2 protein chains.
Amino acid sequence: MNKLFKALDDPTRRKILDILKKSDLSAGEIVQQFSMTAASISHHLTVLKNADLVLAEKRGQQVFYSLNTTVFQDLIEWIYSLKGEEK
Amino acid sequence: MNKLFKALDDPTRRKILDILKKSDLSAGEIVQQFSMTAASISHHLTVLKNADLVLAEKRGQQVFYSLNTTVFQDLIEWIYSLKGEEK
DNA sequence: TAGATATTTAGAATATCGTCTAATTATCTA
DNA sequence: TAGATAATTAGACGATATTCTAAATATCTA
């Protein structure tokens, strides 16, 4: 849970998630959406990957990233447990 | 949204929310649940308050804190929008 | 009113985080 | 195979965060 909240606590990383909502993208295509070096974006992708928020799949030279929505269920349950509701 | 995610990105603050789930507590009562100075807890309470995650009410010498669950709705909607579901 | 209690604020020390440049690794293709 | 392209890793730097001690503020009560 720690890694999840840390991963979400950055506007760039949240924007990456938002972009991936529309379609899977390669690292390079993600970089194009930001005014930031590829190294920085790569770092953010690593954080998202370690929090299981995205999946990475290498295809040739490129690495394609996609949203992994399964983790959001944990987050939703955490929220509802605070709200004191069942689900 | 920025402040919300930042506020949630700390184990101490998340534990405070969890403690407040059971009952409203004064700042001092919250401090007792941690091995940390009152000043540090006060700082965390300020962060939570600024993110609208808790409400503070002064009663005499004491300040009582309570969960403000209304903000969680924003978070839930943010998650569902990423998951691509209506609600 | 004086002292005690509850809480917050100020300021400093240390750790963590986000970003960069430069170098490295892996893959493709002429 | 050599060079080009895609992406990551390493290391450094500045900014931000967390925690502490000490001091300040507000309220209660003897």
Side-chain angles (χ1 to χ4, degrees), chain A residues 1-20 22-68 71 75 78, chain B residues 1-20 22-68 71 75 78:
Chain A
M1 220 58 182
N2 229 312
K3 272 195 281 191
L4 176 57
F5 282 108
K6 192 152 297 296
L8 292 174
D9 179 19
D10 182 271
T12 300
R13 288 195 289 266
R14 291 198 300 275
K15 189 178 169 193
I16 290 173
L17 295 178
D18 198 56
I19 288 171
L20 290 178
K22 299 173 193 71
S23 65
D24 302 357
L25 293 173
S26 69
E29 288 169 328
I30 294 169
V31 168
Q32 288 175 7
Q33 312 264 358
F34 296 87
S35 44
M36 198 179 286
T37 63
S40 297
I41 295 296
S42 181
H43 159 71
H44 286 306
L45 289 169
T46 300
V47 174
L48 291 170
K49 198 169 54 183
N50 288 339
D52 289 322
L53 281 163
V54 301
L55 299 170
E57 187 196 352
K58 183 152 193 174
R59 291 211 284 271
Q61 267 172 300
Q62 295 169 308
V63 178
F64 282 84
Y65 286 89
S66 60
L67 266 191
N68 180 18
V71 190
L75 194 52
W78 180 86
Chain B
M1 220 56 181
N2 230 312
K3 272 196 280 191
L4 176 57
F5 282 109
K6 192 152 299 293
L8 292 174
D9 180 19
D10 181 273
T12 300
R13 289 195 288 267
R14 290 198 302 274
K15 190 178 168 190
I16 290 173
L17 295 177
D18 198 57
I19 288 170
L20 290 177
K22 299 172 193 70
S23 65
D24 301 358
L25 293 173
S26 69
E29 287 168 328
I30 294 168
V31 168
Q32 288 175 9
Q33 312 264 357
F34 295 88
S35 43
M36 199 179 285
T37 64
S40 295
I41 295 295
S42 181
H43 159 71
H44 286 305
L45 288 169
T46 300
V47 174
L48 290 171
K49 197 169 53 184
N50 289 338
D52 290 321
L53 281 163
V54 301
L55 300 170
E57 187 195 350
K58 182 150 192 174
R59 292 211 284 271
Q61 266 172 301
Q62 296 169 310
V63 178
F64 282 84
Y65 287 90
S66 60
L67 266 190
N68 180 19
V71 190
L75 193 53
W78 180 86

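A, B, ... follow the sequence lines: proteins, then strands. Residue 1 opens every chain. In what follows, every heavy atom counts, from backbone to side chain, and hydrogens, waters and symmetry copies are set aside. Here the structure is a predicted model, which means the values were calculated and not measured.
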Legend entry - Student check: side-chain heavy atoms of A:Leu17 and B:Trp78 closer than 4.5 Å: yes
Could you write out each protein N or O paired with an N or O of nucleotides 20-27 of chain D at a distance under 3.5 Å?
{"from": "D:dC20", "atom 1": "OP2", "to": "B:Thr37", "atom 2": "N", "distance (Å)": "3.1"}
{"from": "D:dC20", "atom 1": "OP2", "to": "B:Thr37", "atom 2": "OG1", "distance (Å)": "3.2"}
{"from": "D:dC20", "atom 1": "OP2", "to": "B:Ser40", "atom 2": "OG", "distance (Å)": "2.8"}
{"from": "D:dT27", "atom 1": "O2", "to": "B:Gln61", "atom 2": "NE2", "distance (Å)": "3.0"}

Inset, instruction - Looking at every strand, decide which applies to B:Ala38 at a 4.0 Å heavy-atom threshold: base, sugar-phosphate, or nothing. - result: base
Legend entry - Donor-acceptor contact below 3.5 Å, side chain B:Arg14 vs main chain B:Leu8: yes
Inset, instruction - Please answer whether the main-chain N or O of B:Ser26 pairs with a side-chain N or O of B:Arg59 as donor and acceptor at a distance below 3.5 Å. - result: no
Legend entry - Pairing residues for A:Gln61 by the side chain to side chain donor-acceptor pair (under 3.5 Å) criterion, not counting sequence neighbours: none
Legend entry - B:Ser26 or A:Asp10, whichever maps to the more 5' nucleotide of DNA chain C: B:Ser26
Legend entry - Presence of B:Tyr65 side-chain N/O under 4.0 Å of C:dA6 phosphate oxygens OP1/OP2: no
Inset, instruction - Please examine the side chains of A:Asp9 and A:Lys6, heavy atoms only from C-beta on, and report whether any two atoms are closer than 4.5 Å. - result: no
Legend entry - First encountered from the 5' end of DNA chain D, between A:Glu29 and B:Asp9: A:Glu29
Legend entry - Atom-pair distance (CD on B:Gln62; P on C:dT8), nearest Å: 11 Å
Inset, instruction - Using a cut-off of strictly less than 4.0 Å, decide whether A:His44 has a side-chain nitrogen or oxygen near OP1 or OP2 of C:dT19. - result: yes
Inset, instruction - Please report, rounded to the nearest Å, how far the C1' atom of C:dG18 is from the CG atom of A:Leu8. - result: 16 Å
Legend entry - d(NZ, A:Lys3; P, C:dT16) in whole Å: 16 Å
Legend entry - Distance, rounded to the nearest Å, where A:Phe34 contributes CZ and C:dC20 contributes C1': 17 Å
Legend entry - Nearest-angstrom distance from the residue atom CD1 of A:Ile30 to C1' of D:dA6: 13 Å
Legend entry - Separation of atom CZ in B:Phe5 from atom P in D:dA17, rounded to whole Å: 16 Å
Inset, instruction - Would you mind reporting whether B:His43 and B:Val47 have side-chain heavy atoms less than 4.5 Å apart? - result: yes
Inset, instruction - Please report, rounded to the nearest Å, how far the C1' atom of C:dT8 is from the NE2 atom of B:His43. - result: 13 Å
Inset, instruction - In whole angstrom, give the distance that lies between atom NZ of A:Lys49 and atom P of D:dT8. - result: 6 Å
Inset, instruction - Taking A:Asp24 for its side chain and A:Phe64 for its backbone only, find out whether a donor-acceptor pair lies under 3.5 Å. - result: no
